[in-house]
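Following: one structure in structure tokens, then a few remarks.
Every chain is numbered from 1, with letters handed out A, B, ... down the list of sequences.
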Amino acid sequence: MRRAKITAAIFLMLAMIFSLSACAGGEGGDQQKTTTLTVFNWGDYIDETVLEDFEKEYDVKVNYTYFATNEEMYVKLKSGGTNYDVIFPSDYMIARLIKEDMLHKIDMSKITNYHHIGDEFKNLDYDPNNEYSVPYMWGTLGIVYNTTMVDDPVDSWEILWNPKYEKQIFMLDSQRDSIAVALKKLGFSLNTRNEAELEAAKQELIKQRPLVLSYVGDEVKDKMVGGEAALAVVWSGDAVAMKWENEDLAYSIPKEGSNLWFDAMVIPKTSQNKEAAELFINFMTDPEIALRNAEYIGYSTPNITAWEMLDEEIKYDEDAYPALDSLDNCEVFEDVSDIIATYNRIWDEIKAAQ
Amino acid sequence: MKRQWLASPYIVWMIMFIVVPMLLVLFYSVTEQTADGYRFTFDHFRRFVDPIYINVLFRSVALALISTVICLLLGYPMAAILASKEYSRKKILYMLIVLPMWMNILLRTYAWMTLLERNGIINTILSFLRLPPLDILYTNKAVVLGMVYNFLPFMILPIYSVLSKIDESVIEAAQDLGGNSFTVFRRVIFPLSLPGVMSGITMVFMPAVTTFVISRLLGGGQFTLIGNLIEQQFLSSGDWGFGSALSVIMMLLILASMGIMSKYEQEGGGGALW
């Protein structure tokens, strides 16, 4: 018994020493041969075989990591000790990162595929001169519902407060999105800075708590496809992917208006390999690659050339590619970091309430 | 010969990774960042006094207590069976208790999600047997189930290790003196096993009261426990001050419960788990 313990201890120590030296050796060795590119993206937001192709083509090792919300991404980046080279934040978060001087300007002459991006996705408010970001995907926020379980028309956020669907509703575990749902239902702007309006939104979401089955993240896709609930607040791309898996599902953008969003690729100041990062961004903007990503994840590509090559069925799917001028009552999130403490507090209280 | 110097790497390790971080937590909990450095403040603790947050604390303690009681009721008989001399399949049973602990808690909890879903495995079997479906995922029942499942071995093993060390002759003496089996249990075995029970209670209660994985996966954000609240401060709100204050409150709670427990715990009793 005693001997076994000592053997185990020695084994453990050896394992630790080896793994430490392996780390040190690995890094030193790798840097001489190839560069390592650290990419920080949303979970389930890429066709990962694309990364292998990039590695092969440019002899760069990609270290791919995930986040679940913009807020989580921001906290990780801000707390330091990271060396991300490319990140995929959304509009309002890009505006905040620019404001806080956390992004490199991208050398646009290196992004030779940039002309494939549709003009309507360039020079948007979050990055007016398109110096810091290259669009990756875009979409809306709406309700995905199971037509076999919902017989009322799904055209308003009100349905998420209908007691008939008690414990049949999934909400999105994302601060800005869930608060936006309540704000829009109440007829307020989803970029409000008015404390009273935010307080009202909070009360609305707390009132809704007994009807909600769960606040979820990416698992909502499996759950809705499996028929676990009737209604879920989701991003349009996820809805499209869900419709591929289960024909009973449909997507709707409520008439009160919703959120129109853009996710783009940026290079944070933590990047050690700005040139490799630009290579990667250009690679991702290549129409063939953009097409593969769009086909794999279901989200809508701003890459016009890639869009042209899509299957007819997806290409003219109103849920995936609505005409931008039909989204008049939709708003793009603006950076509200000046009153972020209020947003955080409200979100904490919604989650903590019961 | 005592080789106390062998402990020195551990002491360095403890200072670096336990003492210093705890001091940092304490520091963040009573300060606030301003334009020119840090300022002393009790705001973070004052914010906690809001009924919403107090309720979260109560909920965490209540769910952890319920889980601990269920673990004790299930775990004690199990430990007694394991420790009994007559039982021949002891090794297999012991393996079965320890085996799940080889797997990561996250994976085990995810597995429960698929089991408990409305159209999950358990409900498929129930509907096949024409029994009413079980709709407990995303309720406090599921959270308690997850806690009991994950922490039960921490109750069984300390009790087992104490029970198996009880001197057989003590029990025989009690029987010789005319005690029936219930009296022997009540007057001899149970009091002797108390250190194990106390150690088991501590080892179940502490992880249960601080968990955030189980409540998030099985409670689905409906049952925010103090662990979830702390996680949210550090991972999404970025409010280190409030997060640290919550952690300090949590640590005080654990310290208090350990203080109570250690009164009953004897030196070395039940410590044989590791």
Side-chain angles (χ1 to χ4, degrees), chain A residues 5 9 13 16 67-79 149 166-176 178 202 205-206 208-217 219-220 222-230 337 340-354, chain B residues 6 9 13 32 43 47-48 50-60 62-63 110 113-114 116-121 123-124 135-140 142 212 215-226 228-243 246 272 274:
Chain A
K5 264 190 190 162
M13 266 162 71
M16 277 162 80
F67 59 86
T69 64
N70 278 303
E71 286 70 27
E72 182 195 331
M73 182 281 298
Y74 175 81
V75 168
K76 280 224 179 104
L77 187 66
K78 190 83 180 176
S79 60
M149 298 158 97
E166 184 181 356
K167 295 289 167 202
Q168 295 283 348
I169 298 167
F170 280 124
M171 288 294 284
L172 203 48
D173 193 3
S174 166
Q175 180 180 324
R176 283 300 294 271
S178 281
K202 177 187 108 183
L205 287 171
I206 290 177
Q208 185 209 20
R209 284 297 297 267
L211 306 181
V212 175
L213 180 58
S214 171
Y215 272 81
V216 287
E219 67 262 35
V220 71
D222 291 336
K223 300 268 175 195
M224 286 305 287
V225 167
E228 289 291 315
S337 53
I340 198 69
T342 308
Y343 270 90
N344 283 337
R345 180 181 55 81
I346 281 176
W347 184 235
D348 284 343
E349 290 177 4
I350 293 164
K351 294 290 286 291
Q354 198 169 12
Chain B
L6 275 174
W13 178 273
E32 158 180 79
D43 278 358
R47 184 175 164 200
F48 175 77
D50 190 290
I52 283 186
Y53 300 121
I54 298 282
N55 267 335
V56 171
L57 185 66
F58 275 134
R59 198 182 302 148
S60 309
L63 286 183
Y110 261 109
M113 277 176 84
T114 9
L116 293 177
E117 276 178 348
R118 279 187 184 147
N119 303 322
I121 295 164
N123 277 337
T124 314
D135 198 6
I136 66 165
L137 186 58
Y138 304 130
T139 66
N140 53 4
F212 62 92
S215 49
R216 189 174 55 196
L217 295 181
L218 300 178
Q222 298 283 53
F223 289 88
T224 296
L225 302 187
I226 189 135
N228 300 88
L229 206 55
I230 295 173
E231 185 204 12
Q232 200 168 313
Q233 299 314 313
F234 285 99
L235 291 190
S236 112
S237 303
D239 189 345
W240 289 24
F242 188 46
L246 289 169
W274 306 113

Q) Does a side-chain N-to-carboxylate-O contact under 4.0 Å join A:Arg345 and B:Asp50? A) no

Q) Looking at A:Ser214 and B:Gly220, what are the two nearest heavy atoms and their distance? A) OG-O, 2.9 Å

Q. Within residues 166-174 of chain A, which positions have a heavy-atom distance to chain B below 4.5 Å?
A. A:Lys167, A:Gln168, A:Phe170

**Q.** Single hit among A:Asn344, A:Val75, A:Asp348 for side chain to side chain contact (heavy atoms under 4.5 Å, CB included) with B:Gln233
**A.** A:Asp348

Q.
One pair to check against side-chain contact (heavy atoms from CB on, under 4.5 Å): B:Met113 and A:Lys223. What are the steps and the verdict?
A. CA-CA 10 Å; B:Met113 277 176 84; A:Lys223 300 268 175 195; 3.7 Å; yes

**Q.** Max heavy-atom pair count under 4.5 Å with chain B, selected residue of A:Lys76, A:Gln175, A:Glu349
**A.** A:Glu349

Q: Quick one: list whatever passes side-chain hydrogen bond (donor to acceptor under 3.5 Å, both in side chains) with B:Ser215, sequence neighbours left out.
A: B:Asn228

Q | Rounded distance [0.5 Å steps], OG1 in B:Thr114 versus CG in A:Asp222 | A | 10.0 Å

**Q.** Portion of B:Glu117 that has a non-hydrogen atom of chain A nearer than 4.5 angstrom
**A.** both

Q. Under a 4.5 Å heavy-atom cut-off, does chain A meet the side chain of B:Tyr53, its backbone, both or neither?
A. side chain

Q: For the pair B:Thr224 (side chain) and A:Lys351 (backbone), establish whether a donor and an acceptor sit closer than 3.5 Å, ignoring hydrogens and angles.
A: yes

Q) Rounded to the nearest 0.5 Å, what separation is found between the CD atom of B:Glu231 and the CD atom of A:Glu72? A) 8.5 Å

Q: Apply side-chain contact (heavy atoms from CB on, under 4.5 Å) to B:Tyr138 and A:Val216, showing your working.
A: CA-CA 11 Å; B:Tyr138 304 130; A:Val216 287; 4.2 Å; yes

Q) Are the side chain of B:Asn119 and the backbone of A:Gly227 linked by a donor-acceptor contact shorter than 3.5 Å? A) yes

Q: Considering only heavy atoms and a distance below 4.5 Å, find which of B:Gly219, B:Ser237, B:Gly238 pairs most often with chain A.
A: B:Ser237

(Q) Measuring from atom CG of B:Leu235 to atom CD of A:Glu71, what distance do you get when rounded to the nearest 0.5 angstrom? (A) 12.0 Å

